[in-house]
Amino acid sequence: MPAVSELLRVATAGSVDDGKSTLIGRLLHDTKSILEDQLAHVAETSERRGDGYVNLALLTDGLRAEREQGITIDVAYRYFQTGAAAGAATGVATGAAAGVAAGAATAAVELDASAASFRGGRKFIIADTPGHEQYTRNMVTGASTADVSIVLIDARHGVSEQTRRHAYITSLLRIPHLVVAINKMDLVDYSQDAFESIVAEFTDWATRLALSDVSFIPLSALRGDNVVERSDSMPWYQGPSLLYHLEHVVIATDRDMDDVRFPVQWVVRPMSDEHHDYRGYAGQVAAGVIRPGSEVLVLPSGRRTRVAAIDTYDGELELAFPTMSVTLRLEDDIDISRGDLIAGADEPPTVARDLEAMVCWMSEQPMRPGGRYAIHHTTRAAKAIVDRLEYRVDVNTLERDPDAGTLELNEIGRVHLRSSTPLVVDPYARNRTTGSFILIDEATNDTVGAGMIRSAR
Amino acid sequence: MTPGPQAHVTTRSTYELSHLQALEAEAIYIMREVAAQFERPVLLFSGGKDSIVLMRLAEKAFRPSRFPFPVMHVDTGHNFPEVIAFRDQLVERLGERLIVASVQDSIDSGRVREETGPRASRNRLQTTTLLDAIAQHGFDAAFGGARRDEERARAKERVFSFRDDFGQWDPKNQRPELWALYNGRIRRGEHVRVFPISNWTEMDVWQYLAQERLDVPSIYYAHTREVFARDGMLYATSPHIELLDGEAPFAASVRYRTVGDMTCTGAVRSTATTLAEVVAEIAATRITERGETRADDRVSDAAMEDRKREGYF
Ligand SMILES: Nc1nc2c(ncn2[C@@H]2O[C@H](COP(=O)(O)OP(=O)(O)OP(=O)(O)O)[C@@H](O)[C@H]2O)c(=O)[nH]1
Ligand SMILES: [Mg+2]
């Protein structure tokens, strides 16, 4: 359990009762991340409910309504850490166990950890999302920030509509890594045939999706097969356990380090005498590597300048990269405010008012073609008119329906929008920050749509 | 404790952040979003370790300017004196504005009724004091130091957590929260609770305190204190708690893992007198922070959810 480890965000997905919550409970349990009082509580609640076994799903189903109905309604976030050294020949199970057990002994040293021990382990944020179609928007919430999506499939039922919906959303959201976890293998006698026919079915359907990295793992969340340790029940399976896979998936190359994208969030202008002339632009680096001297473009104005310095509370930096929060000082005195974007001069983003985007609708009130919404894109807020729906996607067949007219709750389609002010955008496929937006109903202030930009003019 | 907080960036060849750096960057971003999106934010400061981290994050987000919001403490009147002293010193050193909202005032003005008996606590009364102060000052956003790893209802809460004009949280109807696009739109009278360290664990907080060399109130370290045992926890004797029959005070070496009202916060036996020793003890413990030290969560299965629905922190 080194002090410096890499953060990995994981989200589960899949149909109701396919075992998402149970799987997360199992991961936490088998990595010894559940403390005694939590486990005692779960055991006692399971007993009281007459579950007949320790229902690990109760670890994440924390709301009263969820426990009453035995389903997940909203995303729960859980955290755990392992100390497996990359590529350790001993395998993941011992790595994880050692990481946990060694925690106490190494803690004192941890505080001295230097950059050298960086490759020591991973810290996981796992989002347990609901499988119910009704709560798809909560699934999208949990998945939008994920590095890895685990889509579960019940081995008895195979690929269902929800499997397809969630795999499609995973691909739309460009979650870089997908794990298809074929669960409840214990209920199909750990059959290789059952596993392979689901793999074939999924693969066949998914050829039309933009999925770059897909792995298939047969497991039993209930019994723990192939979750943390490789299972003896499935000798035909040669791949890694789920945890091993999560510990080793390479995410460092997922971010764009080439073209700088820095949405200005906050202008730092101290009113004190001491810092009278200070003017800095604070924000979080969305892409690229920024150095003092870097030539940059300020958009939408199009003014060119150079970075004079990268400031932080801890002093000036030599370079800044995603996802650091820093303050930039620029060489020239340019009028810049929140919502502007500082970009690399080479491959600038597009300044546009007309957007074409895939939109996931999240409100009981259907999308109103011709209607006006508030739009939040990076740090800029504007208004947008929904010009028209080009087509709605049938998540089952991936067919496009050009006559749909509107989007209802949890439907996805390609939408033309016009913004009241120019936005500085990239295609979502290129950058998840400058390519995404949300739509807000101004009457209710609810977030009603999630948009992923395809093109802009 | 060798490396300064920034030793990392320039020495590393690949462009990767450690988990603490990533969490810090996310928290700073969230704080700046609030400053930009709201007119009257406030930072709720308890004097505990999580809110000490929030204060450092606010320094990182806004220096060399002052914080674009005041700091507010809801004082139950039953707080640890060490914590109150620490609070005053910290705010003074940072040169920020402190507002104290007092539960005693709420009692005196008849807004709430003091509980009585040996198990009386002002923990629940704080909610009214907090909501009244938010209304009185017109705050539209309030930073809190709650973490999702603390408790199962909190594990469900958004970073921007919407409260209606009664201060209520509706866990079954939370706004979608996508990417880092936080929707801070509200109407008059409503407000948003914002949790910049939602994704931090107890261990992250301690590691960060160590990395930043931050001071914490002395009660976080082992000290000898007169305590008594109740419901499997050790409570400090104080004028605010009546003893039940058979409860006998004794001296013990203890520290606190959380800082709350004296009437509902338990101590743990400990000999850890340095930060490194505290971290080592926490790494070895098999009981959660709130499970070990908070009586307020033991009332029922959904005690926290119920309190949060009413507007609790
Ligand atoms: N036999 C068997 N049962 C399982 C397995 N995984 C989960 N289950 C059971 O399937 C049921 C549903 O599991 P959950 O984990 O609650 O399902 P979920 O996917 O989280 O459901 P939602 O969150 O409501 O979408 C429970 O009764 C589990 O015990 C498994 O590997 N084998
Ligand atoms: Mg579930």
Side-chain angles (χ1 to χ4, degrees), chain A residues 3-7 35-38 45 62-65 73-79 103-104 107-108 110-112 114-115 118 123 125 137 140-141 144-145 252 257 265-266 268 270 275 278 282 284 289 312-315 317-318 321 323-325 338 362 376 432 436 438 440 445-447 450, chain B residues 1-12 14-20 22-23 25-26 28-29 32-33 35-36 59-60 63-65 148-149 152-153 155-156 171-172 174-181 183 185-187 199 201 207 210 276 279-280 283-284 286-288 291 301-302 305:
Chain A
V4 267
S5 53
E6 198 178 19
L7 197 63
L35 300 183
E36 282 163 13
D37 55 319
Q38 293 171 309
T45 311
L63 298 176
R64 188 194 290 283
I73 292 173
D74 210 333
V75 200
Y77 295 89
R78 296 301 306 242
Y79 305 83
E110 271 173 27
L111 303 176
D112 285 322
S114 66
F118 181 57
K123 157 117 197 195
I125 300 180
R137 62 184 178 200
V140 179
T141 290
S144 66
T145 52
M257 293 297 167
Q265 206 187 355
W266 175 255
V268 184
H275 299 284
Y278 187 94
Q284 192 171 21
V289 180
T312 71
Y313 175 83
D314 302 293
L317 300 184
E318 300 286 306
F321 52 86
T323 53
M324 293 167 63
S325 283
R338 173 174 163 88
M362 313 183 115
H376 282 196
R432 280 167 92 178
S436 58
I438 54 172
I440 296 165
N445 289 327
D446 282 335
T447 303
Chain B
M1 284 183 238
T2 22
Q6 290 295 329
H8 50 275
V9 177
T10 38
T11 53
R12 194 163 305 143
T14 48
Y15 302 128
E16 291 170 65
L17 297 178
S18 73
H19 79 273
L20 271 189
L23 292 172
E26 176 182 74
I28 292 172
Y29 172 86
R32 289 172 174 162
E33 273 311 286
E59 289 182 84
K60 295 214 178 190
R63 291 293 185 247
S65 303
R148 286 169 174 157
D149 83 321
R152 56 190 167 271
K156 294 269 163 185
K172 278 192 75 175
Q174 301 193 80
R175 283 182 183 171
E177 191 164 85
L178 297 126
W179 300 289
L181 290 169
N183 172 2
R185 288 180 185 247
I186 54 168
R187 281 177 247 184
N199 287 323
T201 62
Q207 286 181 349
V279 172
R286 299 304 303 153
I287 303 179
T288 62
D301 237 19
E305 180 180 341

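Worth knowing before you read on, the calculation uses all heavy atoms, side chains too, and leaves out hydrogens, waters and symmetry mates. Letters go in sequence order (proteins before strands), and every chain restarts at 1.
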Practice prompt. For A:Arg432 and A:Thr145, run side-chain contact (heavy atoms from CB on, under 4.5 Å): C-alpha distance rounded to whole Å, both residues' side-chain angles, the deciding distance at 0.1 Å, then the answer.
Written response: CA-CA 9 Å; A:Arg432 280 167 92 178; A:Thr145 52; 5.7 Å; no

Worksheet item: Checking A:Leu63 against chain B: side chain, backbone, both or neither under 4.5 Å from a heavy atom?
Response: both

Discussion item. Given heavy-atom pairs under 4.5 angstrom as the criterion, report whether the side chain, backbone, both or neither of A:Ile125 touches chain B.
Written reply: side chain

Worksheet, complete the sentence: Scored by heavy-atom pairs under 4.5 Å with chain A, the best of B:Asp149, B:Ile28, B:Leu178, B:Leu23 is B:Leu178

Worksheet item: Side chain, backbone, both or neither: which part of B:Glu305 has a heavy atom under 4.5 Å from chain A?
Response: side chain

Worksheet item: Under a 4.5 Å heavy-atom cutoff, which of A:Asp37, A:Asp446, A:Val268, A:Ile73 has the most pairs with chain B?
Response: A:Asp37

Worksheet item: Are side-chain heavy atoms of B:Asn183 and B:Glu177 found at a separation under 4.5 Å?
Response: no

Worksheet item: Any idea which of A:Gln38, A:Gln284, A:Gln265 has the most non-hydrogen atom pairs under 4.5 angstrom with chain B?
Response: A:Gln265

Worksheet item: With a 4.5 Å limit on heavy-atom distance, are the side chains of B:Leu181 and A:Ser436 in contact?
Response: yes

Worksheet entry | Contact leader toward chain A among B:Ala180, B:Ala35, B:Ala22, where contacts are heavy-atom pairs under 4.5 Å | B:Ala35

Worksheet item: Side chains of A:Arg64 and B:Lys172: closer than 4.5 Å at any heavy-atom pair?
Response: no

Worksheet item: Checking B:Arg185 side chain against A:Thr447 main chain: does a donor-acceptor pair fall under 3.5 Å?
Response: no

Worksheet item: Does A:Arg137 use its side chain to pair, donor to acceptor, with the backbone of A:Met362 at less than 3.5 Å?
Response: yes

Fill in: Among B:Glu59, B:Arg175, B:Glu33, B:Arg32, residue most engaged with chain A (heavy-atom pairs, under 4.5 Å)
B:Arg32

Worksheet entry | Proximity breakdown for A:Tyr77 and chain B, heavy-atom pairs closer than 4.5 Å | both

Fill in: Heavy-atom check, side chain of A:Thr323 versus side chain of B:Glu26, under 4.5 Å
no

Practice prompt. Would you mind reporting whether B:Thr201 and A:Lys123 have side-chain heavy atoms less than 4.5 Å apart?
Written response: yes

Practice prompt. Tell me, out of B:Pro64, B:Pro171, B:Ala153, who's got the most heavy-atom pairs with chain A below 4.5 Å.
Written response: B:Pro64

Worksheet entry | Contacting moiety of A:His275, where chain B heavy atoms sit under 4.5 Å | side chain

